[in-house]
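Report on the structure given below.
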Amino acid sequence: MKQQEDIHGIQRACYSKSSKAGEQFIKEHGISFIVSGEMEAYDGNTKHLYRKGDVVLYRKNALIRFVKYPGHDGFEAISVILEKNLLKEFAERHEIHSDKNPKESLFKVEPDELISSYFTGLETWFGNKISIELANIKKIEIIHLLLRNNKALKNVLFHFGMPGKIDLEAFMNTNFRFNVPLTQLAFLTGRSLATFKRDFEKLFQTSPNKWIQQKRLTEAHYLLEHKKMKAKDVYLEIGFETLSHFSYAFKNRYGINPSQL
DNA sequence: CTTGCTATACTAACTTAAGC
DNA sequence: GCTTAAGTTAGTATAGCAAG
């Protein structure tokens, strides 16, 4: 059972049962407040765990995998999406500039009283008819609240550049577990799809998908053999969508079934 | 020489369902 | 719970072309 509501980018998500894997490619900045339950967010390097009452800002143009764990009273989160145009207007009005390219994808915000009551107040918004203008005012409010005691966030929120050309090998090694189209991987490394593939061939002497699959299966093999994990716990971790396909691909490569390790 | 784009063929990935 | 297999599709590889 799940329930999702969206009023012009102010969202509420509730899950009463099964934990649920979420979005991988983040298109716009967003901020989430955990009302109940726990949320795990994986950024390619580490898994961050957020609990009831936590506030987390996630950056656009990042790869993040969310898993939501309902507590005894279910999982609920309220999120506010901060679109580029809104942020641009804000930056112009207040003459804010950011030139630093943020490296992290997730930023935990220490919520003060104002931020906490901002989110709890939003609860009453759902179910009402809210105009887009009103929703935008509410979004501007949270931007002010965020900047009020966290000046460094301006470098995250108001960075409007496209991803620059970054080191392909390092990028691939941290992000191969994300199951997103090559066009997005190419974009995130600051390359066109064609250049991405050409650079890839030069670097790894193979095509992106072959390399990615190889890499995932190698990791799967390691997790199964040394960490004694079960197939059903492994396949999602490393970027496979279905257990049956994972099983097939694994046997194709190693000649044995994942359960036989 | 490098880069971006396009057309075509292909294959890896997914769905479904059945079996162990 | 894990594997196999058949059927379908979406995403990818590849090469060729045009332009910077």
Side-chain angles (χ1 to χ4, degrees), chain A residues 1-2 4 13 15-28 40-44 47 60-70 84 101 105 160-261:
Chain A
M1 154 70 187
K2 76 171 180 187
Q4 273 168 310
Y15 302 93
S16 55
K17 281 199 198 115
S18 61
S19 48
K20 184 105 171 115
E23 187 168 15
Q24 304 213 354
F25 180 69
I26 310 297
K27 294 189 219 48
E28 298 280 11
E40 181 188 280
Y42 174 68
D43 64 4
K47 286 179 175 171
K60 72 167 175 174
N61 293 337
L63 293 170
I64 305 172
R65 188 155 60 210
F66 296 105
V67 186
K68 287 137 191 187
Y69 299 102
K84 186 181 169 187
N101 214 341
S105 306
F160 301 111
M162 302 279 262
K165 195 162 181 170
I166 57 168
D167 180 61
L168 190 56
E169 187 170 15
F171 177 85
M172 287 311 300
N173 276 315
T174 60
N175 293 302
F176 69 90
R177 297 176 196 82
F178 289 100
N179 198 2
V180 297
L182 292 189
T183 44
Q184 288 180 354
L185 293 180
F187 172 77
L188 290 171
T189 60
R191 293 166 171 81
S192 73
L193 184 58
T195 306
F196 177 76
K197 285 180 183 169
R198 279 194 270 251
D199 285 356
F200 205 98
E201 175 70 39
K202 262 186 254 168
L203 188 60
F204 297 111
Q205 287 85 43
T206 152
S207 66
N209 250 317
K210 281 196 190 124
W211 183 89
I212 289 171
Q213 202 201 50
Q214 179 109 336
K215 191 88 180 152
R216 286 176 183 168
L217 289 175
T218 307
E219 172 147 324
H221 193 277
Y222 170 79
L223 290 174
L224 289 165
E225 191 175 36
H226 294 103
K227 299 274 178 176
K228 302 289 173 216
M229 288 175 70
K230 298 276 174 60
K232 75 168 168 53
D233 300 318
V234 167
Y235 79 100
L236 284 173
E237 292 263 314
I238 54 163
F240 282 85
E241 300 262 320
T242 59
L243 183 53
S244 70
H245 181 241
F246 167 66
S247 202
Y248 166 80
F250 191 91
K251 184 161 194 182
N252 199 33
R253 167 109 205 277
Y254 291 106
I256 52 165
N257 295 324
S259 61
Q260 290 176 282
L261 275 172

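In the text below, chain A, chain B and the rest are named by the order of the sequence lines, each starting its count at 1.
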Worksheet item: If we ignore angles and hydrogens, is there a donor and acceptor under 3.5 Å between the side chains of Ser247(A) and Ser244(A)?
Response: no
Worksheet item: What residues in residues 161-181 of chain A put a non-hydrogen atom under 4.0 Å from any atom of DNA chain C?
Response: Pro181(A)
Fill in: Closest-nucleotide 5' rank along DNA chain C - winner of Leu182(A) and Ala231(A)
Ala231(A)
Fill in: Residues forming a side chain to side chain donor-acceptor pair (under 3.5 Å) with Asn209(A), sequence neighbours excluded
none
Cut-off 3.5 Å, no hydrogens considered: what does the side-chain donor-acceptor table look like for residues 223-238 of chain A, sequence neighbours left out?
unit_1, atom_1, unit_2, atom_2, d
Lys228(A), NZ, Glu225(A), O, 3.0
Glu237(A), OE1, Lys47(A), NZ, 3.3
Glu237(A), OE2, Lys47(A), NZ, 2.8

Item to complete: Provide the start and end nucleotides, 5' to 3', of the part of DNA chain B that has atoms under 4.0 Å from heavy atoms of chain A.
Response: dT3(B) to dT16(B)
Discussion item. Below 4.0 angstrom, which residues in residues 193-202 of chain A have at least one non-hydrogen atom near DNA chain C?
Written reply: Lys197(A)
Discussion item. Between the opening five pairs and the closing five pairs of the helix from dC1(B)-dG20(C) to dC20(B)-dG1(C), how far apart are the helix axes, to 10°?
Written reply: 50°
Practice prompt. Return the minimal non-hydrogen interatomic distance between Phe240(A) and Leu217(A), and the atom names on each side.
Written response: CZ-CD2, 4.0 Å
Worksheet item: Shortest non-hydrogen contact from Gly239(A) to Arg216(A)?
Response: O-NH1, 3.5 Å
Worksheet, complete the sentence: chain A reaches DNA chain C, atoms under 4.0 Å from its heavy atoms, from dC2(C) to dT14(C)
Worksheet item: Between the main-chain N or O of Ala170(A) and the side-chain N or O of Asp167(A), is there a donor-acceptor pair closer than 3.5 Å?
Response: yes
Response to the item:
On a heavy-atom basis, the closest approach of Lys197(A) and Pro208(A) is CG-CG, 4.2 Å
Worksheet item: Considering only heavy atoms from C-beta outward, does the side chain of Arg198(A) approach that of Arg191(A) to under 4.5 Å?
Response: no
Worksheet item: What are the two closest non-hydrogen atoms of Ile64(A) and Ala41(A), and how far apart are they?
Response: CG2-CB, 4.0 Å
Practice prompt. Report the relative orientation of the aromatic rings in His221(A) and Phe250(A); use parallel for angles under 30°, tilted for 30 to 60°, perpendicular for over 60°.
Written response: parallel
Worksheet item: What are the two closest non-hydrogen atoms of Phe178(A) and Asp43(A), and how far apart are they?
Response: CZ-C, 4.0 Å
Worksheet entry | side chain to side chain donor-acceptor pair (under 3.5 Å) involving Glu241(A) - partner list, sequence neighbours excluded | Asn179(A)
Worksheet item: What are the residues of residues 237-246 of chain A, sorted by number, that bring a heavy atom to within less than 4.0 Å of DNA chain B?
Response: Glu241(A), Thr242(A), Ser244(A), His245(A)
Practice prompt. Please report the closest heavy-atom contact between Phe25(A) and Asn61(A), naming both atoms and the distance.
Written response: CZ-OD1, 4.1 Å
Worksheet item: Is it true that atom CZ of Phe171(A) has more than 12 heavy atoms of other residues, nucleotides or ligands lying nearer than 6.0 Å?
Response: yes
Worksheet item: Is the closest side-chain heavy-atom distance between Ile212(A) and Met172(A) below 4.5 Å?
Response: yes
Worksheet item: In chain order, what residues pass the ring-ring contact (aromatic ring centres under 6.0 Å, His included) check against Phe196(A), with sequence neighbours excluded?
Response: Phe200(A)
Fill in: Under the side chain to side chain donor-acceptor pair (under 3.5 Å) test, residues paired with Arg177(A) that sit two or more places apart
Tyr42(A), Glu219(A)
Discussion item. Distance to the ring centre below 6.0 angstrom and angle to the axis at most 45 degrees; does that hold for Lys215(A) and Phe176(A)?
Written reply: yes
Worksheet item: Does the side chain of Val180(A) come within less than 4.5 Å of Leu185(A)'s, by heavy atoms?
Response: yes
Worksheet entry | Heavy-atom check, side chain of Glu169(A) versus side chain of Phe204(A), under 4.5 Å | yes
Worksheet entry | DNA chain B-proximal residues of residues 213-230 of chain A, any heavy atom under 4.0 Å | Gln213(A)
